[in-house]
Every structure is written in C-alpha cells, then in structure tokens.
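Only heavy atoms go into these numbers, but all of them, side chains included; no hydrogens, no water, no symmetry mates.
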Amino acid sequence: MSRESEQDEHWLGGYRRVVVFILLAVIVTTLVMSYRSHREEALAVSLSLLGEQFAERVQRLHGRWLDERRPAVLHAEGRAWQFDGRGWPLAVLPLQSPSENCRGLWSALLGQEALSMPTLQVLASPDGEGCEFGWEANWLIYRFADGSLLNKS
C-alpha cells in the first residue's frame, strides 16, 4: 500500500470514529430527554393518585367528625385528630410545628402509600391556611377552610 492510501485510511478511520461518536451522543441525548419526560409524567400521575386518596380520606374523616357531633379532637383509626371549627383535619396529635403537622397528616392518612413514593416535600402554606405537598413541579394544596385539595400551578 502506498503512503498516500495509508494516510487516506487513517483519515477515514478518524472520520468514522467522529461519526459514530456523534450518533452515540444523539442517541444518548434522546434517551435522557425521553427518560426525564416520562419520569415527570409518572411523578405527576403518582401525586395525583395519592392526592385523590388523601382527599377521599379527609372527606371520610370529615363525615366521621359530623357523626361524632363535631368534637375539637376526634379519636379514630387509632389516632387523635385535631379539627378546625368547620370540621376539616388540621393535624394528628400531639401538635408540632405547622409543617410537621402537615407531614403527620399526610403520613397518617396515606400510610404505606406515602412511603412508596420518592421523598415528598411537605410544607405549611405561607398563609397558614393549609398544607402543600409535592416535589419538583408537581404540588397539591390542601385547604383547611373547605377541605379541598387543589393542583398548584
């Protein structure tokens, strides 16, 4: 083989490596973007389903509170629940900080379902009128005033 054809082979080999590297980079980037998108969708659906369970159990406690003639503290499901004057659960006793009260409420109402998810951030609402549950861009707001659970946008 002549020296010129050896150099051509060398350059062609280099070009092939560059093309393969670019193709691999495109494939990996596409997979990562797809993973992120699917992960965000899965987290949103999971939080929505947990929110439905939470809202259902809050409604059930509210009904029990009405049946028990509106006590300030309701003993149910092996716990003591603190209620507001309108009959919506505020916390599981003993009372703690507002954010810890929200965390306790979420954990008590959802039990094992709450543990199966990624670590959820739980905060008391800045106005003190509810709780916020979520992670990343997915958040739910529980309002003490009417027991509603809303998606935060």
Check the orientation of Trp88 and His62. Use parallel for under 30°, tilted for 30 to 60°, and perpendicular for over 60°. parallel

Does any non-hydrogen side-chain atom of Arg70 lie less than 4.5 Å from one of Phe83? no

Any chance you could measure Gln121, atom CD, to Glu136, atom CD, to the nearest 0.5 Å? 9.5 Å

Please find the pair of heavy atoms, one from Ala76 and one from Leu61, that lie closest to each other, and give the distance. CB-CD2, 4.4 Å

Which atom of Gly147 lies closest to which atom of Gln59, heavy atoms considered: O-NE2, 4.3 Å

State, yes or no, whether a side-chain contact exists between Pro89 and Val58 at a heavy-atom distance under 4.5 Å. yes

Does the side chain of Cys102 reach to within under 4.5 Å of the side chain of Glu132, using non-hydrogen atoms? no

Shared hydrophobic cluster for Trp135 and Tyr142 (ILVMFWY, side-chain gaps under 4.5 Å): yes

Is it true that a side-chain atom of Ser48 and a backbone atom of Ala44 form a donor plus acceptor pair closer than 3.5 Å? no

Taking atom CG of Leu110 and atom CD of Glu56, what is their separation to the nearest 0.5 Å? 10.5 Å

Taking Ser37 for the side chain and Met33 for the main chain, is one N or O donor matched with an acceptor at less than 3.5 Å? no

Leu47 with Ile141, same ILVMFWY side-chain cluster at under 4.5 Å: no

Hydrophobic clusters here meaning ILVMFWY residues chained together by side-chain heavy-atom distances under 4.5 Å, can you tell me if Val73 and Leu95 are in one? yes

Mind checking the CG-CD spacing from Leu50 to Glu52? Nearest 0.5 Å is all I need. 9.5 Å

Determine whether Arg57 and Glu77 satisfy the following criterion, salt bridge (Lys or Arg N to Asp or Glu O under 4.0 Å), listing intermediate values before the conclusion. CA-CA 11 Å; Arg57 292 171 186 175; Glu77 301 174 15; over 6 Å; no

Please tell me whether Leu66 and Leu74 are part of a single hydrophobic cluster in this structure, the criterion being side-chain heavy atoms less than 4.5 Å apart. yes

Tightest non-hydrogen contact, residues Ala108 and Arg79, listed as CB-NE, 3.6 Å

Separation of Leu140 CG from Arg143 CZ (nearest 0.5 Å): 13.5 Å

Just verifying a value: how many Å separate Arg36 CZ and Leu31 CG, rounded to the nearest 0.5 Å? 13.0 Å

Nearest heavy-atom approach of Leu149 to Gly51 is CD2-O, 3.0 Å

Roughly how far apart are Ile27 CD1 and Ile22 CD1, rounded to 0.5 Å? 12.0 Å

Look only at the side chain of Ser46 and the backbone of Ala42, and say whether a donor-acceptor pair between them is shorter than 3.5 Å. yes

Might you point out which heavy atoms bring Val26 and Thr30 nearest each other, and give the distance in Å? O-OG1, 2.8 Å

Just so I know, are the side chains of Trp65 and Trp81 near enough to count as touching, which here means a heavy-atom distance under 4.5 Å? no

Please check if Leu109 and Leu93 belong to a single hydrophobic cluster, counting links between Ile, Leu, Val, Met, Phe, Trp and Tyr side chain heavy atoms closer than 4.5 Å. no

At their closest point, which heavy atom of Ser99 faces which heavy atom of Ala124, and how far apart are they? OG-N, 3.1 Å

